[in-house]
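In what follows, a single structure is set out as structure tokens and then discussed.
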Amino acid sequence: MGVLVVSEKDSVAAAIARYLGRGYRRFRVVGVPAYRFRRGDDEWLSMGLRGHLMDFDFGGELASWRRTEPERLFDAQPILVYRPESTRHVLALRSLAKSAELVYLALDADSEGEAIAYEAMMTIMPVNPRVRFLRVRFNAVTRDDILEAFNKPQQLDLRTVEKVFTRMMLDLTIGAAFTRLLTLSVRRAAGRANGIVSYGPCQTPVLSLVVRRALERENFVPRKYYVVSALVAVDGHRLAVRSERFEGREDAVAAAKSIRGSVGRVVEASFVEARKSPPVPLETVELEKRASKWLGIRSREALALAEELYRHGLISYPRTETNVYPQTLDLRRLVAELARSPFGWYAGRLLASRLSPTRGRSDDGAHPPIYPVRAADLPDVVRALGRHARKAWKIYELVVRHFLATLSPPAVYERQRVVVRVGGLDLVAEGRRTISEGYWEIYPYERIEDSPIPRVEAGATVRVVEVEVEERETKPPDYLSEAELLALMKRHGIGTDATMQEHIHTNVRRGYMNIVRGRCIPSPLGKALILGLNDTAPHLADPDVRSRMESMLAQISRGRADPRDVLEAVKREFRGYYKLLLDRLPSLSKSIAGSLDGGSPR
DNA sequence: GCAAGGTC
């Protein structure tokens, strides 16, 4: 019998051939890598796609921005077409499937995988109408998981396919309708012939988060406040202490005067042991946040570098929302492998202990967390990656250190707090002292420097040695950092692990914002767009539009809603917003056009 | 030329 296994990417196709067969041969069909092996009496083939084969688009008249009124897109039916860039994979798939009797759809075990499985099935059926299809689902590309999945084949989940296709149609319809409307009217108002003013249910809420913070910062009015700071003598130590805030200078001065040269008592002295747990296994968004915060590498570049490292077999698949190691992952073997790396001094030590990894709470069902696969040093990475090597090494190092940290003990430190009361005034000193470094030793990014205060006893007498009033000012919030933005996107459910950094980048590409030293600074255009939308149809820029849409879509895969009903309901909602925009279009486009002085949309 | 989601 002839059997074909279709997976989402070449790396998985190769792994399947390796685990299911006893030896395999790699070959190419129309340039696409494929694998041949025997299993029992059967002849098996395995090939990987490159994600989706198909996409929705507007055809004919609907493709014309000028001839079609954008609002008409809400009534139109987008068509499913093959992506031009997947031609070779379509041909290869048909060629390999032509004589198969059974096709295993071994795409990733997530929603997109279900849709891609359907696309593969649609592609094969015309050339081989009698073939049987089975769906296999595994949530880690390990021998055990894959063997088990093939022992328990399942059926394609058509409801999930419908959910994904509905989302694709909605995103296209909504994105195209608003982008065309905004673009054409802003061009008219600005007297320009080019430039795009886009709207999207992910990109625009992201921009809205950035603008919101920028406005908070720019509208911030600093306020002066005062604190009494003093140096007190206690038990032969000197201790720097500080009062709470005073709104008025006179009150602070009076309080300072009242304690000058006075004697008081320690009313609280707590020196308590506290622990900081090591991080949970690494998922994409965390990698991006940490790279931005600690390495100064932007999310988009961090993911691109991680992909390079993955392609060179140095780390596991970098697009994942899972932060729990699968049971089947041999952690000890990985640590042993890392013992040969520049981090071997630490890995070797871990090997001597029992390995108990931290664990998070999310599992995307398709990929394990990001972990190092192979030991490498800087020269190895330079040989493999060439010109990107320096930054790639920093990412690799982060992945290795993070992995080892998840297997390490917590950091233990002493949290110190002393309150002295002089007259009626409480003054506080806080400090900390490390007791045991724990995972900080391999994960210095999170290390907190010691700032110990002397150990004193409650009840001890204190004498004020020096006292002064400090004038301070409340500080405006900083622009949103990229790491904060990623965290907010995750919280609001905007985008996926693989796309979050793209939504940020789309805003940069469109000229809506810039990232300067890790901070997101909106441009006048970006601000004008968000302020304009907030004035006319605020729901369009609401950080929660995406998650509301997603929860409606989820009803489809749960079998609780008909896909056509969801499609119509969401379109009706957005068409309502479209009408609101139309009503105020002249002033909206004028204000956006006005923001373009000196800059232009891209 | 529009979006967001896969993959490289």
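Predicted model, so just to flag it, every value in this text is computed and none were measured. Here is how names work: the chains are called A, B, and so on, in the same order as the sequence lines, proteins then strands, and each is numbered from 1.
Between A:Tyr577 and A:Phe178, the gap from one ring centroid to the other reaches at least 6.0 Å. Proximity of the aromatic rings of A:Tyr104 and A:Trp44 is defined here by a centroid distance below 6.0 angstrom, and this criterion is met. Between A:Phe165 and A:Tyr118, a ring centre-to-centre spacing shorter than 6.0 Å is recorded.
Relative to the side chain of A:Pro201, the nucleotides B:dG6, B:dG1, B:dA3 differ in distance, and B:dA3 lies closest. Closest to the side chain of A:Trp65, from the set B:dG1, B:dT7, B:dA4, is B:dG1. Comparing atom distances between the A:Glu112 side chain and each of B:dG6, B:dC8, B:dC2 picks out B:dG6 as nearest. The nucleotide whose nearest atom lies closest to any side-chain atom of A:Arg50 is, among B:dC2, B:dG6, B:dC8, B:dC8. Across B:dG6, B:dT7, B:dC2, the shortest atom-to-atom separation from the side chain of A:His52 is found for B:dG6. Out of B:dA3, B:dA4, B:dC8, the shortest distance to the side chain of A:Leu172 is found at B:dA3.
OP1 or OP2 of B:dG6 sits under 4.0 Å from a side-chain N or O of A:Thr496. A sub-4.0 Å separation between OP1 or OP2 of B:dG1 and a side-chain N or O of A:Arg180 is absent. Residue A:Arg510 has a polar side-chain atom (N or O) positioned under 4.0 Å from OP1 or OP2 of B:dA3. The side chain of A:Tyr317 contributes an N or O atom lying less than 4.0 Å from OP1 or OP2 of B:dT7.
Residue A:Arg72 qualifies as open at atom CZ: its count of foreign heavy atoms under 6.0 Å is 12 or below. Around NZ of A:Lys490, the count of heavy atoms belonging to other residues, nucleotides or ligands within 6.0 Å exceeds 12.
Across all strands, A:Arg66 comes closer than 4.0 Å to no nucleic acid atom at all (heavy-atom distances). Among the heavy atoms of the strands, none lies under 4.0 Å from A:Gly113. Among the protein residues, A:Gln203 comes within range of the sugar-phosphate backbone only, with heavy atoms under 4.0 Å from sugar or phosphate atoms but none that close to a base. Backbone-only engagement by A:Glu8 is indicated by non-hydrogen atom pairs under 4.0 Å involving sugar-phosphate atoms exclusively. Among the atoms of the strands shown, base atoms are found under 4.0 Å from some heavy atom of A:Arg319. A:Asp57 comes within 4.0 angstrom of a nucleotide base, judged by non-hydrogen atoms across all strands. Residue A:Pro70 is classed as having no contact, given no heavy-atom separation below 4.0 Å to the nucleic acid.
Side chain A:Asp171 to base B:dC2: no donor-acceptor pair is found below 3.5 Å. One N or O donor and one acceptor, one from the side chain of A:Asp55 and one from the base of B:dA3, sit under 3.5 Å apart.
Residues A:His367 and A:Met168 each lie close to DNA chain B; by heavy-atom proximity, the contact nearer the 5' end of the strand is made by A:Met168.
Ring-base stacking between A:Tyr199 and B:dA3 is not satisfied when judged by a centre separation under 5.5 Å and a plane angle under 30°.
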_Stepwise salt bridge (charged side-chain N to carboxylate O under 4.0 Å, His left out) check, A:Asp110 with A:Arg319_ = CA-CA 12 Å; A:Asp110 52 23; A:Arg319 280 177 283 217; over 6 Å; no
